[in-house]
2 protein chains.
Amino acid sequence: MSGACAANHPTSKLVRTQGVTAPAGFRATGISAGIKATGKLDLALVFNEGPDHHAAGVFTRNQIKAAPVQWSQQVLTTGRLRAVILNSGGANACTGPLGFQDTHATAEALAAALSDWGTETGAIEVAVCSTGLIGDRLPMDKVLAGVTEIVHEMAGGLTGGEEAARAIMTTDTVPKQVALHAENWTVGGMAKGAGMMAPSLATMLVVLTTDAVADATALDTALRRAAAKTFDRLDIDGSCSTNDTVLLLSSGASEVTPSQDELDAAVLAVCDDLCAQLQADAEGVTKKVTITVAGALNDDEALVAARAVARDSLVKTALFGSDPNWGRVLASVGIAPVTLDPQRISVSFNGSPVCVDGAGAPGAREVDLSGDVIEVLIDLASGSGTASVRTTDLSHAYVEENSAYSS
Amino acid sequence: MSGACAANHPTSKLVRTQGVTAPAGFRATGISAGIKATGKLDLALVFNEGPDHHAAGVFTRNQIKAAPVQWSQQVLTTGRLRAVILNSGGANACTGPLGFQDTHATAEALAAALSDWGTETGAIEVAVCSTGLIGDRLPMDKVLAGVTEIVHEMAGGLTGGEEAARAIMTTDTVPKQVALHAENWTVGGMAKGAGMMAPSLATMLVVLTTDAVADATALDTALRRAAAKTFDRLDIDGSCSTNDTVLLLSSGASEVTPSQDELDAAVLAVCDDLCAQLQADAEGVTKKVTITVAGALNDDEALVAARAVARDSLVKTALFGSDPNWGRVLASVGIAPVTLDPQRISVSFNGSPVCVDGAGAPGAREVDLSGDVIEVLIDLASGSGTASVRTTDLSHAYVEENSAYSS
């Protein structure tokens with residue numbers, strides 16, 4: 001996907017030392033508001049100075065949506081955002097009507113603080129994101145005090161973006177940010193977590209910013225296209241969190257209006273890179289795995305099949321053990337509701353054929369999977385559909401992190 | 001389910017020291033044919049002396065079906081079986097046309113040996129089951145020699161049934177068998193593995209026998225009804241193997257003709273007990289978990305929701321850690337494609353409410369889940385549909401067994 005994008009932007013360049021404040025017109029920061037017992041950074045702000053304030057968002061498909069998701073979905077119907085306030089240390093999910101009031105109060109408090117600071121802002125221009133354990137109310141005294149404080153800390157430099165990226169970390173071991181500089185405009189982003197690696201903690205939150213001139217429709221189109229090929233295909237354990245949120249804000253500060261194709265490509269490149277960072281830092285990961293299904297009846301069936309394999313615990317434990325157990329790959333693809341002919345399926349691991357036409361290839365048991373990158377290619381030989389899903393292995397560390405968490 | 005069954009059979013009794021040879025008219029045994037490198041028992045025979053030879057079977061829904069499944073499905077279209085030959089030490093799956101020829105040759109060899117022994121038998125009266133690593137051919141010299149030998153070893157006593165139950169074990173740590181004695185007739189059974197706990201090894205194979213007078217249609221009805229409520233609701237990691245097979249044979253030797261209801265209840269009781277044994281001996285199990293969904297729109301939606309929770313790696317790792325992390329239960333049920341109102345869902349662990357109307361209950365984080373049995377009850381409060389699924393936790397031992405297996 002990066003390849004396709006680079007082709008569209010011969011001069012564009014991805015830089016991982018910059019994030020949401022790389023584009024002109026954005027300020028950000030992260031502070032410690034005392035929401036996390038550890039005293040680590042736990043509150044982040046991304047502020048759009050304009051002149052434009054267009055925005056789009058995609059949210060979890062989970063029917064159980066956290067209060068901040070319900071709030072932000074409502075706010076986004078206007079296609080406008082001035083600011084995003086994010087906290088780690090608590091998901092504010094399954095907290096009932098009082099939890100929703102807490103989110104609302106947070107947005108009101110930020111709007112008031114920004115208005116006091118000199119930028120007239122309404123709560124309806126503020127998106128809220130939360131991540132942490134499901135089911136507990138947030139310590140609202142700390143959140144509200146933090147919201148007032150953070151407005152005075154935000155900065156336009158690159159430091160602000162990195163502080164924000166740090167403040168949304170939970171089980172993440174490194175902050176995740178990237179910026180893509182096109183000719184005279186930029187897209188930046190930060191991310192934490194990945195899918196539902198740990199729903200109570202590792203919610204995926206992503207904020208993307210651009211100084212391009214792009215209205216809400218253009219942003220929405222670019223974001224949906226990019227998410228479908230990136231975040232939707234990063235599948236660590238088959239679930240999505242109650243809090244997953246991806247937002248894209250435009251300031252128009254570059255005064256450059258890219259074509260939809262250019263915007264799509266830039267947003268895709270940033271999302272793709274953030275996905276790679278999320279995969280590499282997934283809980284308990286020891287192998288970065290890509291499952292590609294080719295030769296499916298169509299792309300949709302290829303994706304269904306790839307996802308089925310990516311979610312299979314037995315495939316994932318085998319890969320953790322560097323075990324070229326291709327039989328498990330066949331067994332998992334055989335469960336997927338897709339068209340296939342068992343006698344025609346072929347599988348390769350890192351380019352080495354392990355199964356040809358449904359039966360083992362010579363040397364299949366000796367393929368070396370000891371490295372930390374594993375490419376699984378499954379050819380169904382039934383059509384021209386193709387799709388890739390990124391996942392990880394299922395390791396002792398995954399079990400450890402996820403069994404020991406809230407206790 | 002056992003309860004419902006006992007109500008139908010006030011005088012019936014389950015005995016776990018007996019299995020497939022408990023009903024009159026059946027002989028069985030297990031031998032070491034040298035298929036397993038360890039020299040352990042690896043070949044089992046169940047022989048129906050008659051007078052009837054009716055039979056029914058249910059098979060894996062995996063599109064990738066092992067050669068013995070393809071063979072046995074074909075054979076069962078006649079509704080007749082004289083014998084079942086089962087091997088551990090190799091699944092004979094993904095072995096191409098030659099693998100199918102191996103299965104055919106095994107059935108022919110057993111038919112010839114039984115004919116020589118004095119019972120005229122055709123290969124079409126012989127079902128074949130295999131379990132072990134996917135993708136390798138069986139050592140046919142050993143299999144064929146074993147098939148000839150085993151006919152001379154089979155015995156009518158209870159020892160024969162237990163030897164057979166031992167010979168189909170793979171990662172199983174104990175043989176699994178049970179018999180239900182109704183008034184003047186009996187149903188017996190043996191089982192190994194459970195679902196797709198390890199597709200390359202822990203295929204579920206089950207052979208059930210009865211001396212009731214019951215034709216193929218009655219057997220098929222009883223077996224499908226029982227499997228739908230038992231084996232189909234035992235879900236260790238969401239998959240089914242290339243080799244899963246459940247067979248039911250009737251000899252008519254008791255000369256008792258139970259009603260369909262009586263037959264259904266007896267077969268259900270035996271299947272239910274074998275399921276409990278499979279769950280208790282699942283790979284890496286430290287907790288026996290039952291997920292019950294009540295208050296769903298209908299029973300089908302209840303089952304879909306229960307299965308979604310039973311397959312969720314994050315719920316399963318939390319239970320391994322004895323962690324009453326009910327938020328993960330809500331997050332997993334929220335992904336299921338069923339009708340629900342997030343504000344009305346309630347959850348209890350072992351009878352203690354942890355979530356009421358979508359929000360945490362007082363003391364939820366302190367519920368003690370340190371025992372080895374965990375009952376999760378999810379009430380969707382949307383209707384009267386209900387369903388239960390048995391599963392296990394996701395432990396270090398599961399990862400260990402499944403990562404270390406074929407290497």
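Naming: A, B, ... by sequence-line order, numbering from 1 per chain.
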J.: Hey, could you give me the CZ/CG distance between A:R328 and B:L133, rounded to the nearest 0.5 Å?
T.: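 One finds 8.5 Å between CZ of A:R328 and CG of B:L133.
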
J.: Evaluate side-chain contact (heavy atoms from CB on, under 4.5 Å) for B:I345 paired with A:Q63, printing each intermediate quantity in order.
T.: CA-CA 12 Å; B:I345 302 175; A:Q63 292 193 70; over 6 Å; no

J.: Look up atom CD1 in A:I134 and atom CG in B:L330, then write down how far apart they are to the nearest 0.5 Å.
T.: 7.5 Å

J.: So which of B:V333, B:D136, B:D357, B:T60 has the biggest tally of heavy-atom pairs under 4.5 Å with chain A?
T.: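 Among B:V333, B:D136, B:D357, B:T60, the one with the most close pairs to chain A is B:D136.
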
J.: B:A359, B:G360, B:A93: which one forms the most heavy-atom pairs within less than 4.5 Å of chain A?
T.: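 When all of B:A359, B:G360, B:A93 are compared, B:A359 has the most.
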
J.: For residues A:G334 and B:I64, report the shortest heavy-atom separation together with the two atoms involved.
T.: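 Looks like CA-CG1, 3.5 Å.
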
J.: Ignoring hydrogens, what is the shortest heavy-atom contact between A:T242 and B:A331? Give both atom names and the distance.
T.: CG2-CB, 4.0 Å

J.: If every non-hydrogen atom of B:S313 is compared with every non-hydrogen atom of A:Y398, which pair is closest and at what distance?
T.: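 In this case the closest contact between B:S313 and A:Y398 is CB-OH, 3.5 Å.
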
J.: Highest number of heavy-atom pairs under 4.5 Å with chain A: which of B:P342, B:P337, B:A318, B:C94?
T.: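 Of the candidates given, the most pairs with chain A belong to B:C94.
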
J.: Looking only at heavy atoms and a cut-off of under 4.5 Å, which of B:V338, B:L340, B:T95, B:L394 has the most pairs with chain A?
T.: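 Maximum pair count with chain A is reached by B:L340.
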
J.: Could you tell me which portion of A:A336 (side chain, backbone, both or neither) has an atom closer than 4.5 angstrom to a non-hydrogen atom of chain B?
T.: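 For A:A336, backbone heavy atoms alone lie under 4.5 Å from chain B.
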
